[in-house]
Structure formats: structure tokens, C-alpha cells
Amino acid sequence: MNAERTTTAVVLEQGGTALRPLPLRRLRQGEVLLRVRAAGLCGTDLFKLRHHDGAATVLGHEVVGEVIETAGRCRFERGDLVVAAHHVACGVCALCRGGSETQCDGFRENLLDPGGFCTHTILARRAVDHAAYLLDDALDPLAAVFLEPTACVLRALERGGLEHGILSLEPPAPDSVRVVVQGAGSMGLLHLLVIRALGLHAEIVIAEPDPARRRLAERLGADRTVWPPPTGLDADVVFDTVGGGAALRQAIELARRGGTVVLFAHADDDSDAALPFNRLFRSEQRIVASYSGSAREQGLAFQLLSSGALDPRTLVTHELPLDAFDIGVEHCRAGRALKVVFRPHYEAAPARPMALPATA
Ligand SMILES: [Zn+2]
Ligand SMILES: [Zn+2]
């Protein structure tokens with residue numbers, strides 16, 4: 001770290017993004033300064049880019065970094081490679097006690113200063129204490145960077161009623177369930193990989209219009225891929241990773257009577273869905289939303305990643321330097337990328353064959 005304590009960050013401001021040096025504040029007790037090794041671009045970042053209010057901000061929250069400075073007593077030391085989540089619930093409020101940790105007021109606070117898409121970032125004490133994990137040599141930062149998205153998926157599975165055997169890591173229930181995942185983007189495919197990593201008895205059907213993505217889903221272990229989804233799938237659970245009214249209505253169509261639809265994606269701000277009331281009412285279907293992961297799910301996500309049971313690196317189609325931020329965003333928007341990971345300290349973008357063949 002140089003003496004003047006700056007980080008070079010992708011700053012989102014009026015008119016777009018720019019790579020700028022930003023001053024870094026002094027560390028407070030219990031905080032660590034990370035040299036960012038990998039930062040994942042996720043749907044939430046894309047949503048915030050789309051709905052930016054103009055205030056200068058640094059996005060990015062899926063971070064692996066090397067500890068280069070600590071303040072006071074701390075679980076980590078210089079040279080440690082850690083992966084951290086940026087949200088931590090308080091654990092004691094009524095929402096936390098009721099199982100809605102991701103709705104806790106404390107959870108909303110961003111524990112990365114200034115963010116993930118930068119060369120260096122400060123990890124606040126609460127994240128250091130409750131949401132940071134030490135990587136051993138066997139765990140590739142490119143896999144570890146999936147900690148937060150994996151935690152989100154684990155919570156979605158739980159909210160979808162697949163929790164048996166998940167949080168306890170007990171043997172899975174013998175009865176197979178039929179799961180439909182809408183969308184074979186990075187989050188849809190991560191649902192598939194996590195369900196397989198957990199060893200759940202689930203038949204997994206992926207509904208996805210893009211043939212290249214369907215082929216990839218089959219390679220990654222989907223039992224079936226469909227488009228357009230046929231009637232009569234009668235899924236126990238449908239995970240919608242696409243978002244928007246049309247996708248939600250389709251998910252309701254695909255779920256069985258009494259089945260569950262898990263809403264797992266942003267839609268455009270202020271959009272709504274015209275829902276088939278009577279069908280919902282008579283079929284006793286449940287629609288539940290799942291938007292993040294709590295400390296519990298983060299811990300389990302780390303177990304899955306560090307044990308090697310889950311290896312999501314195959315979803316990384318692009319590793320890019322920070323000055324290619326807009327290019328990475330464009331690849332995602334155009335559907336050419338699955339997971340884009342920024343590597344702030346790479347001299348040049350490493351050549352990496354695209355896992356996803358280009359589509360017309
Ligand atoms: Zn994310
Ligand atoms: Zn709380």
C-alpha cells in the first residue's frame with residue numbers, strides 16, 4: 001500500500017463510470033484493509049447501474065482480497081487471503097429473531113468502504129468478525145468470489161421449502177422433488193450447481209430460451225432443459241432468476257397445485273405483475289421472495305466452496321481488469337457473459353476461453 005493511501009475505484013457517477021483514485025480513510029479498530037484480488041459483477045450491480053440516482057458511488061460486493069493492514073485485535077493477519085460478504089444482520093432484533101435476517105436494518109449497511117470494484121477496500125469490523133472467511137491454498141479466489149451469491153441461492157432453496165438436509169447437512173430426504181429453474185444465467189446455473197453440491201434428490205429442469213445456455217445447463221447436470229416450457233411440468237418449486245411480470249406469471253404456470261414459486265431476481269423499478277388471482281387462490285400456491293443470504297447461509301456457502309463440493313468457476317466467462325468495467329457490463333447486458341469477475345491487479349486481461357459459445 002502506498003503512503004498516500006488511495007484506492008483506484010470504478011466510480012459510478014452522473015453520466016457513467018470512471019476509474020478514479022479515491023482517498024482511503026484510516027482503519028478503525030477491528031477493520032482490515034484488503035488488496036482486492038477478485039470482485040464479481042452481479043445482477044444487483046447491473047440493476048443499480050440501470051437505476052442510478054446520480055450520487056457518486058462504488059459498486060461491487062462479491063470480494064476476495066489479501067489482508068494488507070489490520071487495526072487492533074483481529075482474526076486475520078497480513079498476507080491472509082479472505083472472502084467476505086458485505087452485509088451482516090444484527091442478530092438480536094425482532095426481524096432477526098423471526099428469521100428475516102436479511103430484512104434487519106443493520107443488514108442494509110454496506111460493510112465495504114468504498115466497495116468491491118477497486119484496487120483496495122476496507123472491510124468493516126462487523127464483516128471481519130461475522131462474514132469473512134480465510135481461504136486456504138486449495139481454494140481458488142475465482143471460486144471463493146461466489147460466497148455471497150451462493151449464500152443467496154442457499155436462502156432461496158430454504159425459502160422454497162428445500163431446506164431439509166440443507167442447513168444441517170443431514171442426508172437428503174428420499175423423495176425426489178421436481179425443481180424448475182427459470183433462466184440459465186449465472187444465478188440460474190448456480191442454483192443447479194448448489195442443489196447438486198448438496199446432493200438433494202431433485203429433478204432439475206431448466207427453462208431457458210438460449211440454446212447455448214441450455215447445452216451448458218445440461219453439461220452442468222440439469223436433467224432436462226426446455227423452451228418454451230411445456231404445460232404439465234407440475235414443479236414442486238420454481239425458482240425465477242429472470243425477473244419481471246412475464247417470468248413470474250410463467251413460474252406460476254409451471255408450479256404444481258400447492259407448489260412454491262421463489263422470486264429471485266430484480267425487475268425494472270416500479271414494474272408489476274398482473275397475477276392470475278383465482279388460479280393462485282384455488283391452487284394454494286405460494287410466492288416467496290428471496291433476495292440475499294444471512295450469516296448462516298454464508299457459513300454454509302463457505303463450507304460448500306472450501307470443501308470443493310461446489311466449484312462454480314465454470315460459470316466465470318470473463319476475467320477483466322477494472323479499466324474494462326464497462327466492457328464487462330456490456331457483455332452481461334448483451335447476454336454474452338455468465339459471470340464476470342474483475343481482477344484489479346492483473347497486468348492484462350488473461351486469456352480465458354469462453355464457456356459460453358456466442359449466439360447469433
Ligand atoms: Zn451479488
Ligand atoms: Zn437484526
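Quick caveat: nothing in here was measured; it's all calculated off a predicted structure. Both ligands and their constituent atoms are indexed starting at 1 by order of listing.
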**Asked** Side-chain donor-acceptor pair under 3.5 Å between Ser306 and Asp136, yes or no?
**Response** no
**Request:** Assess whether atom CZ of Arg25 is packed by more than 12 heavy atoms of other residues, nucleotides or ligands within 6.0 Å.
**Result:** yes
**Asked** Does the Glu218 side chain pair with the main chain of Arg215, one donor and one acceptor, at a distance under 3.5 Å?
**Response** no
**Asked** Residues in side chain to side chain contact (heavy atoms under 4.5 Å, CB included) with Val341, at least two apart?
**Response** Ala38, Leu142, Val145, Val316, Lys339, Arg343
**Item:** Closest contact, heavy atoms only, Leu147 versus Ala84
**Value:** CD2-C, 4.2 Å
**Fill in**
So the protein N/O/S atoms within less than 2.8 Å of the Zn ion (ligand 2) come down to Cys90 SG, Cys93 SG, Cys96 SG, Cys104 SG
**Prompt:** Should Leu304 and Leu154 count as side-chain neighbours, where that means a heavy-atom distance under 4.5 Å?
**Reply:** yes
**Prompt:** Listed by chain and number, what are the ring pair (Phe, Tyr, Trp, His ring centres under 6.0 Å) partners of Tyr133, not counting sequence neighbours?
**Reply:** Phe302
**Prompt:** Taking the side chain from Asp45 and the backbone from Cys42, do they hold a donor-acceptor pair closer than 3.5 Å?
**Reply:** yes
**Fill in**
Any protein N, O or S atom under 2.8 Å from the Zn ion (ligand 1)? Found Cys42 SG, His61 NE2, Glu62 OE2, Glu148 OE1
**Request:** Would you check if Val340 and Ser186 make a side-chain contact, meaning some heavy-atom pair closer than 4.5 Å?
**Result:** no
